[in-house]
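Comments concern the structure below.
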Amino acid sequence: MNIMLTDQKCVACEGGVPPLTPEEVTEFRTQVPDWIVSADSLRISRRFVCQNFKDALAFINKVGELAEIEGHHPDIHLTDFKNVTIELMTYAISGLSTNDFILAAKIDTLPR
């Protein structure tokens, strides 16, 4: 892969395209190695551990701002007051798209 995911922009997906193949998912994961592909291969997720509740909320807000800029929105879960799990999936195609990996790579660059 020649282009870094963080250098790309999410493109609106209205459906009509197939989800990424397992080979494409494997290739993209090289740039986001801390993200886990679900057993059904429909989504990726990563757990972030923050220092405390306040830091977790601040991180969630940074993810939200980034998601708005990219026009691609994750599922965000806050548990045990400081654990933030981000799940990405492209709902329009019921699977993974390049957008999921672009946003994952950009989330990885956010300060916590």
Side-chain angles (χ1 to χ4, degrees):
M1 183 177 308
N2 297 330
I3 299 174
M4 296 297 296
L5 290 168
T6 53
D7 294 334
Q8 297 181 51
K9 175 95 172 97
C10 292
V11 177
C13 179
E14 301 297 327
V17 295
L20 295 175
T21 65
E23 294 79 18
E24 291 168 320
V25 169
T26 299
E27 186 175 339
F28 282 124
R29 281 214 56 244
T30 63
Q31 290 190 52
V32 290
D34 295 325
W35 290 76
I36 298 167
V37 178
S38 64
D40 59 10
S41 298
L42 297 179
R43 61 182 61 232
I44 56 173
S45 65
R46 179 172 176 196
R47 181 174 159 225
F48 297 86
V49 179
C50 299
Q51 290 293 326
N52 52 46
F53 184 73
K54 183 180 176 183
D55 289 347
L57 288 179
F59 179 64
I60 288 169
N61 284 326
K62 290 174 193 168
V63 171
E65 290 173 17
L66 176 60
E68 279 296 302
I69 290 167
E70 290 297 321
H72 192 62
H73 302 97
D75 290 334
I76 302 172
H77 308 274
L78 173 60
T79 57
D80 297 326
F81 77 87
K82 65 179 184 175
N83 298 316
V84 179
T85 301
I86 309 291
E87 293 182 325
L88 292 163
M89 172 185 181
T90 302
Y91 290 96
I93 61 171
S94 299
L96 291 167
S97 74
T98 305
N99 289 342
D100 299 306
F101 288 93
I102 292 170
L103 190 56
K106 290 183 178 187
I107 289 170
D108 282 349
T109 68
L110 294 175
R112 293 186 291 289

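Just so it is clear, the model here is predicted, and its values are computed rather than measured. Computation of the quantities below employed the complete heavy-atom set of this structure, encompassing side-chain atoms and omitting hydrogens, waters and symmetry-equivalent molecules.
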Practice item. Working to the nearest 0.5 Å, report the span between CD1 of Ile86 and CD1 of Ile60. Key: 7.0 Å
Point to revise | Transitive ILVMFWY side-chain link Leu110 to Leu57, under 4.5 Å | key: yes
Check your understanding: Is Arg47 atom CZ crowded by more than 12 heavy atoms from other residues, nucleotides or ligands, each under 6.0 Å away?
Key -> no
Review point. Do Arg112 and Gln51 come within less than 4.5 Å of each other through their side chains, counting heavy atoms only?
Key: no
Point to revise | With Arg46, the side-chain contact (heavy atoms from CB on, under 4.5 Å) member among Ile107, Val84, Leu88, Asp108 | key: Asp108
Study note, to complete from the structure: Nearest heavy-atom contact between Pro33 and Thr30 is CD-O, 3.8 Å
Review point. Would you say Asn99's side chain and Val11's backbone share a donor-acceptor pair under 3.5 angstrom?
Key: yes
Review point. So, does Arg29 use its side chain to make a donor-acceptor pair with the main chain of Trp35 at under 3.5 Å?
Key: yes
Point to revise | Phe53 atom CZ, over 12 foreign heavy atoms within 6.0 Å | key: no
Revision key, fill the gap. Taking every heavy atom of Pro74 against every heavy atom of Val63, the minimum-distance pair comes out as CG-CG1, 4.0 Å
Check your understanding: Does Lys106 reach the main-chain N or O of Lys9 with its side chain, forming a donor-acceptor pair under 3.5 Å?
Key -> no
Study note, to complete from the structure: One should read off an interatomic distance between Thr98 OG1 and Leu103 CG, to the nearest 0.5 angstrom, of 12.5 Å
Check your understanding: Which pairs, with at least one residue in residues 87-96 and sequence neighbours excluded, count as a salt bridge (Lys or Arg N to Asp or Glu O under 4.0 Å)?
Key -> Arg43-Glu87
Exercise for review: Working to the nearest 0.5 Å, report the span between CZ of Phe59 and CD1 of Ile76.
Suggested key: 8.5 Å
Review point. Is Gln31 reaching over with its side chain to a backbone N or O of Leu5, donor-acceptor style, under 3.5 angstrom?
Key: yes
Revision key, fill the gap. Here the gap from Asp75 atom CG to Thr85 atom OG1, rounded to the nearest 0.5 Å, amounts to 11.0 Å
Review point. Going only through I, L, V, M, F, W and Y residues with side-chain contacts under 4.5 Å, is there a path from Met89 to Leu66?
Key: no
Check your understanding: In this structure, are over 12 heavy atoms from other groups packed under 6.0 Å from Lys54 atom NZ?
Key -> no
**Study point:** Any Ser41 side-chain heavy atom under 4.5 Å of Val25 side chain
**Key:** no
Study note, to complete from the structure: Here the pair of heavy atoms bringing Leu96 nearest to Ile93 is O-CD1, 3.7 Å
Point to revise | Any side-chain heavy-atom pair of Ile44 and Phe28 under 4.5 Å | key: no
Check your understanding: Between Cys13 and Ala92, which heavy-atom pair has the shortest distance, and what is it?
Key -> O-CB, 3.4 Å
Study note, to complete from the structure: Rounding to 0.5 Å, atoms CG (Leu42) and CG (Asp100) come to a distance of 10.5 Å
Study note, to complete from the structure: So CD1 of Ile102 and NE2 of His72: to nearest 0.5 Å the spacing works out to 8.5 Å
